[in-house]
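Some notes on the structure that comes next.
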There are 2 protein chains.
Amino acid sequence: MSDGVEWALHSCLNLAWIGSGQAVTAARLAAYHELPPAYLNKQLQALARAGIVTSVSGPKGGFRLARALDRITLMDVVAAIEGPDEAFRCTEIRQQGPGAAAPESYAAECAIAGAMSRAELAWRRELMAQTLDDVRARAELQAPDAPERLRHWLAHL
Amino acid sequence: MSDGVEWALHSCLNLAWIGSGQAVTAARLAAYHELPPAYLNKQLQALARAGIVTSVSGPKGGFRLARALDRITLMDVVAAIEGPDEAFRCTEIRQQGPGAAAPESYAAECAIAGAMSRAELAWRRELMAQTLDDVRARAELQAPDAPERLRHWLAHL
DNA sequence: GCATGATTACTCGGATACAATATGTCCGAGTAGTCTCGG
DNA sequence: CCGAGACTACTCGGACATATTGTATCCGAGTAATCATGC
């Protein structure tokens, strides 16, 4: 899985802690964790296309959350960065070569693809069950001063 | 996810249908589904390293299953091909740059990494719950003549 | 005829190229603030 | 002093390089069957 997923998740939490009052530039978000600014910008664009954040150009521009954290699931972010298609893709090799049978035999889904899909469904279900607000709550339990530190750094830049 | 996983799963089922009496070469297994022979060989090597199949060199050599299908889980095969490490890897960017706090603050696992691990655990649990024998049973329900076709092709090569 | 040893054909195994995707960078389009200038 | 218009600085957005990983191939090490040979 791409590193961009991790960056996007942290950035969403940071945007929430900063507050939706002001837009934050990709450069600021990147600097806070020493990430490549232009590349993080690219990932944020993907979040914008998915409707998770909104972007505004020009001075005082940047990104802000499009909706509250409890309305954003982990699945939303992963799908925005990684793309919508499943990790395991069945290429129907059972229909290739001497192993192939009559076409009407393949109406049912390949048993192997079905088994893999079942596992991937469990993964997606778990990702959908957790919102970014759940993650935020746990993060603030571990580091209660994280939001304040972020706002302080941003103000005294 | 690598295509090798699909190839390996199909090849394991094929090996079971052929029977463990004889070893089958990578070239035969590949030809049955029109796969690149040398590359499938590479994947089978990975299965051999993981102890899922055993390999024998020389004439009349090839691969055979190391144990019964009901003792091989989907997780075993996926781990053998894809490697043991998780898809989402936390690079601890929370500890980098101005966002970093005192090192003792990071005793607990990153909340984001924890959430992603929970989902991946659900995926792995589902993969471990399904054995290749379960998949074989479903496959034979769909195509009862698959084993016979395979053996026939192999005999009349 | 049978045992023995060299030969040979065949297979896995890993080292080696090639391609696709992920990672990282750069410059242009567009926008909001700012400055200048005239009334 | 105040308003309008041009200008400038700043940001996103996507097009363009680079690195890493997955894909595919090839040749050598090792092995078991085969065949020749001598007893």
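No experiment lies behind these values; they were computed from the predicted model shown. FYI, side chains are in, hydrogens and waters are out, and symmetry mates aren't considered; it's all heavy atoms of this structure. Below, chains carry the letters A, B, ... as their sequence lines are ordered, and counting in each starts from 1.
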Exercise for review: Report, as a single string ordered 5' to 3', how protein heavy atoms within less than 4.0 Å touch nucleotides 7-18 of chain D: B base, S sugar-phosphate only, - not at all.
Suggested key: --BBBSBBB---
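For the pair B:Glu82 CD and D:dT21 P, the interatomic distance rounds to 13 Å; values are reported in whole Å. Across the protein-nucleic acid pair, B:Leu40 atom CG and C:dG13 atom C1' stand 14 Å apart, rounded to whole Å. Nucleotide C:dG13 holds its C1' atom 16 Å from the OH atom of B:Tyr39, rounded to whole Å. One interatomic measurement links the two molecules: CD1 of A:Ile81 to P of C:dT23, which rounds to 10 Å at whole-angstrom precision. In this entry the distance linking CD of B:Gln43 with P of D:dA24 reads 9 Å, nearest Å. In this structure, the CD atom of A:Gln22 is 17 Å from the P atom of C:dA32, given to the nearest Å. In this entry the distance linking CE of A:Met1 with P of D:dG22 reads 14 Å, nearest Å. Computed from coordinates, the A:Leu35 CG to C:dT25 P distance equals 11 Å when rounded to whole Å.
By the side chain to side chain contact (heavy atoms under 4.5 Å, CB included) test, A:Glu34 is found to be paired with B:Gln96, residues two or more places apart in sequence or in another chain being considered.
Remark: A:Arg89 engages B:Asp3 in a salt bridge, criterion side-chain N to carboxylate O under 4.0 Å.
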Below 3.5 Å, can you tabulate the donor-acceptor pairs from side chains in residues 111-121 of chain A to any protein atom, sequence neighbours excluded?
| unit_1 | atom_1 | unit_2 | atom_2 | d |
| --- | --- | --- | --- | --- |
| A:Ser117 | OG | A:Ala113 | O | 3.0 |
| A:Glu120 | OE1 | A:Ala87 | N | 3.4 |
| A:Glu120 | OE2 | A:Ala87 | N | 2.7 |
| A:Glu120 | OE2 | A:Arg124 | NH1 | 3.3 |

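Side chains of A:Thr131 and A:Asp134: a donor-acceptor N/O pair is present below 3.5 angstrom, by distance only. Between the side chains of B:Glu140 and B:Trp17, at least one donor N or O lies within less than 3.5 Å of an accepting N or O.
The aromatic rings of B:Tyr32 and B:Trp153 sit tilted, their planes meeting at an angle between 30° and 60°.
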